[in-house]
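Notes follow once the structure below has been shown.
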Amino acid sequence: MTAKKLTTSAMIASFADPGQRTTKAPFGHALTRLAEQRPEIVGLSADLAKYTDMHVFRDAHPDRFFQLGMAEQAMLGAAAGLAEVGLVPFASTYSVFATRRAYDFLCLDIAEPGLNVNVVGGLPGLTTGYGPSHQATEDLAILRGLPGLTIVDPCDSVDIEQAVPALAAAPGPTYLRLLRGAVPTVLDEYDYRFELGKTAELRTGRDVLMISTGLMTMRALTAAKELEADHVDVAVLHVPTIKPLDREAILRHAKPDRLVVTLENHTVVGGLAESVASCLAFAGAGTRIVPVALPDEFLAAGALPTLHERYGLSVPQIKSTVLKELS
């Protein structure tokens with residue numbers, strides 16, 4: 001059978017597996033529902049409303065939507081001003097622009113005064129094939145050092161829908177790594193409930209502990225299931241909140257009698273792997289961890305399935321890493 005030729009759509013955000021259940025624009029619909037209950041919610045975009053699912057909010061509440069054009073610094077400055085007068089802004093653009101281009105405005109206009117501005121970053125990590133200009137593989141590393149900033153990396157549509165009202169209710173600034181478009185729906189099968197700042201044990205296991213965040217949690221769950229055929233019992237601990245990190249839960253679960261593997265859609269530098277490693281080291285736990293993450297380099301352009309396989313984020317590559325370590 002001839003393999004299906006990958007199309008350009010696979011370069012944009014096609015990380016869902018064939019036949020996987022999806023939910024359309026969960027962020028846009030969740031924000032729209034929240035705005036119906038809270039009149040202080042407003043939305044902003046830097047000319048990317050359609051590509052961050054903000055268009056759903058825009059169409060439902062046009063009088064509460066602000067189009068700032070391709071001026072990300074101005075958008076965050078405007079969001080700060082809106083927050084100063086009691087509104088609760090959600091400002092959306094691509095992660096690369098929110099972090100690389102507008103960092104100083106996020107730092108001094110929003111984080112330093114502790115304003116409730118919610119920055120929504122589309123195309124986080126390797127969720128586009130359009131190369132380094134659009135691949136925000138280092139956004140967590142850039143933002144983790146910003147005092148008072150809450151950082152959320154959701155797994156799926158369930159995570160996003162539940163995170164939106166939680167972020168609006170959080171008193172200070174937040175950053176959401178957005179999954180947009182047709183987003184996989186996975187966590188509803190695990191009796192899951194998003195809780196800001198908390199992890200969730202989705203699966204127990206005696207041999208391996210996978211500590212995962214973002215879309216890598218759905219990959220961890222699939223890999224864990226498939227590793228049963230190799231008689232490997234895998235636990236999965238989902239970490240939707242990167243900052244503040246649920247250190248207590250990580251210390252409780254990461255024991256020396258299990259292989260600990262971290263999984264993230266981010267460079268190995270400055271993200272989940274180093275957060276978990278420092279958590280264990282500072283507590284004197286000394287447990288070795290194996291990172292599944294993107295390499296510390298600028299990545300190639302291409303179709304997402306090809307890139308995920310090349311850089312170790314695919315389920316087969318995850319399984320290979322685990323089996324190699326156990327052997």
**Asked** Can you tell me if Asn265 uses its side chain to pair, donor with acceptor, with the backbone of Leu215 under 3.5 Å?
**Response** no
**Prompt:** Side chains of Thr137 and Thr267: donor-acceptor distance under 3.5 Å anywhere?
**Reply:** no
**Request:** Walk me through it: do Gln317 and Tyr311 pass the test side-chain contact (heavy atoms from CB on, under 4.5 Å)?
**Result:** CA-CA 9 Å; Gln317 293 282 37; Tyr311 294 117; over 6 Å; no
**Prompt:** Between the side chain of Thr128 and the main-chain N/O of Tyr130, is any donor-acceptor distance below 3.5 Å?
**Reply:** yes
**Request:** Mind jotting down which residue pairs meet the salt bridge (charged side-chain N to carboxylate O under 4.0 Å, His left out) criterion with at least one end in residues 28-46? Sequence neighbours excluded, please.
**Result:** Arg38-Glu40
**Request:** Report the C-alpha separation of Ile211 and Ile289 in whole Å, then their side-chain angles, then the decisive distance to 0.1 Å, and conclude whether the side-chain contact (heavy atoms from CB on, under 4.5 Å) test is met.
**Result:** CA-CA 10 Å; Ile211 303 177; Ile289 68 171; over 6 Å; no
**Message:** Let me confirm one number: the CG-CD distance from Asp153 to Glu264, rounded to the nearest 0.5 Å.
**Reply:** 8.5 Å
**Prompt:** If we only count heavy atoms from C-beta on, is the Thr93 to Thr52 side-chain gap below 4.5 Å?
**Reply:** no
**Prompt:** If you round to the nearest 0.5 Å, how far is CG of Leu48 from CG of Leu68?
**Reply:** 12.0 Å
**Asked** Roughly how far apart are Arg219 CZ and Ser314 OG, rounded to 0.5 Å?
**Response** 7.0 Å
**Fill in**
The ring pair (Phe, Tyr, Trp, His ring centres under 6.0 Å) partners of Phe57 (sequence neighbours excluded) come to His61
**Message:** Can you confirm whether the side chains of Thr217 and Ser212 place a donor and an acceptor under 3.5 Å from each other?
**Reply:** yes
**Prompt:** Under the salt bridge (Lys or Arg N to Asp or Glu O under 4.0 Å) criterion, do Arg252 and Glu201 qualify, and how do the steps go?
**Reply:** CA-CA 11 Å; Arg252 186 170 65 251; Glu201 185 180 34; over 6 Å; no
**Message:** Suppose we screen for ring pair (Phe, Tyr, Trp, His ring centres under 6.0 Å). Which residues come up paired with Tyr192, at least two apart in sequence or across chains?
**Reply:** His238
**Prompt:** What's the shortest heavy-atom distance between Thr185 and Ser157, and which atoms?
**Reply:** OG1-OG, 2.6 Å
Got a list of side-chain donor-acceptor pairs under 3.5 Å for residues 100-107, not counting sequence neighbours?
from: Arg100; atom 1: NE; to: Glu138; atom 2: OE2; distance (Å): 2.8
from: Arg100; atom 1: NH1; to: Pro132; atom 2: O; distance (Å): 3.1
from: Arg100; atom 1: NH2; to: Pro132; atom 2: O; distance (Å): 3.2
from: Arg100; atom 1: NH2; to: Gln135; atom 2: O; distance (Å): 2.9
from: Arg100; atom 1: NH2; to: Glu138; atom 2: OE1; distance (Å): 3.4
from: Arg100; atom 1: NH2; to: Glu138; atom 2: OE2; distance (Å): 3.4
from: Arg101; atom 1: NH1; to: Glu72; atom 2: OE1; distance (Å): 3.2

**Prompt:** Just by distance, do the side chain of Asp159 and the backbone of Pro240 share a donor-acceptor pair under 3.5 Å?
**Reply:** no
**Item:** Pairing residues for Asp139 by the side-chain hydrogen bond (donor to acceptor under 3.5 Å, both in side chains) criterion, not counting sequence neighbours
**Value:** Tyr175, Arg177
**Prompt:** With a 4.5 Å limit on heavy-atom distance, are the side chains of Leu263 and Thr213 in contact?
**Reply:** no
**Message:** Please check if the number of heavy atoms outside Asp191 that lie under 6.0 Å from its CG is greater than 12.
**Reply:** no
**Request:** Output yes when a side-chain donor or acceptor of Arg180 lies under 3.5 Å from a complementary backbone atom of Tyr51, and no otherwise.
**Result:** yes
**Item:** Gap between atom CD of Glu84 and atom CG of Asn116 - 0.5 Å precision
**Value:** 11.5 Å
**Message:** One pair to check against salt bridge (Lys or Arg N to Asp or Glu O under 4.0 Å): Glu228 and Lys319. What are the steps and the verdict?
**Reply:** CA-CA 11 Å; Glu228 291 177 357; Lys319 291 165 56 183; over 6 Å; no
**Prompt:** What's the shortest heavy-atom distance between Val117 and Ala83, and which atoms?
**Reply:** CG2-CB, 3.7 Å
**Item:** Leu87 side chain near Arg64 side chain, heavy-atom distance below 4.5 Å
**Value:** no
**Asked** Do Leu202 and Leu187 have side-chain heavy atoms sitting under 4.5 Å apart?
**Response** yes
**Prompt:** For Leu44 and Phe65, which heavy atoms make the closest approach, and how far apart are they?
**Reply:** C-CE1, 4.3 Å
**Message:** Treating Thr241 as the side-chain partner and Gly197 as the backbone partner, does any N or O pair qualify as donor plus acceptor under 3.5 Å?
**Reply:** yes
**Prompt:** Side chain of Asp156, backbone of Val158: donor and acceptor closer than 3.5 Å?
**Reply:** yes
**Request:** Flag the pair Glu226 / Val315 as yes when at least one side-chain heavy-atom distance between them is below 4.5 Å, and no otherwise.
**Result:** yes
**Asked** Same cluster for Met210 and Met218 if Ile/Leu/Val/Met/Phe/Trp/Tyr side chains link at under 4.5 Å?
**Response** yes
**Prompt:** Looking at side-chain heavy atoms only, is the closest gap between Leu251 and Cys279 below 4.5 Å?
**Reply:** yes
**Request:** Hey, could you give me the CG/CZ distance between Leu272 and Arg144, rounded to the nearest 0.5 Å?
**Result:** 9.0 Å
**Request:** With the side chain counted from C-beta on, respond yes when Asp53 and His29 share a heavy-atom pair under 4.5 Å apart, and no when they do not.
**Result:** no
**Item:** Partner residues of Glu189 under the salt bridge (charged side-chain N to carboxylate O under 4.0 Å, His left out) criterion, sequence neighbours left out
**Value:** Arg21
**Asked** Between the side chain of Thr150 and the main-chain N/O of Thr174, is any donor-acceptor distance below 3.5 Å?
**Response** no
**Request:** For side-chain contact (heavy atoms from CB on, under 4.5 Å), just list the numbers for Val183 and Phe27, CA-CA rounded to whole Å, side-chain angles, deciding distance to a tenth of an Å, and then say yes or no.
**Result:** CA-CA 10 Å; Val183 179; Phe27 165 71; over 6 Å; no
**Asked** If you look at every heavy atom in Leu304 and Gly129, which pair is closest and at what distance?
**Response** CD2-N, 3.9 Å
**Asked** Are Leu326 and Leu227 connected in the hydrophobic side-chain network, where two residues link if heavy atoms are under 4.5 Å apart?
**Response** yes
**Request:** Begin with the C-alpha distance, continue with both residues' side-chain angles, and end with the deciding distance and a verdict on side-chain contact (heavy atoms from CB on, under 4.5 Å) for Leu307 and Leu299.
**Result:** CA-CA 9 Å; Leu307 294 179; Leu299 307 183; over 6 Å; no
**Prompt:** Is it true that Leu146 and Ile142 fall in one hydrophobic cluster, defined by side-chain heavy atoms closer than 4.5 Å?
**Reply:** yes
**Message:** Just checking Gln67: does its CD atom have more than 12 heavy atoms from other residues, nucleotides or ligands closer to it than 6.0 angstrom?
**Reply:** yes
**Prompt:** Do His266 side-chain atoms and Pro124 backbone N/O form a donor-acceptor pair below 3.5 Å?
**Reply:** no
**Request:** Looking only at non-hydrogen atoms, find the nearest pair between Asn118 and Leu167 and report the distance.
**Result:** OD1-O, 3.1 Å
**Prompt:** Does a side-chain heavy-atom distance below 4.5 Å link Thr287 with Arg258?
**Reply:** no
**Complete:** Looking only at heavy atoms, the pair that brings Leu196 and Ala170 closest together is CD2-CB, 4.0 Å
**Prompt:** Okay, side chain of Ser278, backbone of Glu274: is any donor-acceptor separation there less than 3.5 Å?
**Reply:** yes
**Asked** Nearest 0.5 Å, what's the CG-OG1 distance between Leu140 and Thr99?
**Response** 9.5 Å
**Asked** Do the side chains of Leu76 and Val152 join up, straight or via other hydrophobic residues, at under 4.5 Å, putting them in one cluster?
**Response** no
**Asked** Among the clusters formed by ILVMFWY side chains lying less than 4.5 Å apart, do Val292 and Leu209 turn up in the same one?
**Response** no
**Request:** May I ask you to decide if Val234's main-chain N or O and Asp207's side chain share a donor-acceptor pair within less than 3.5 Å?
**Result:** no
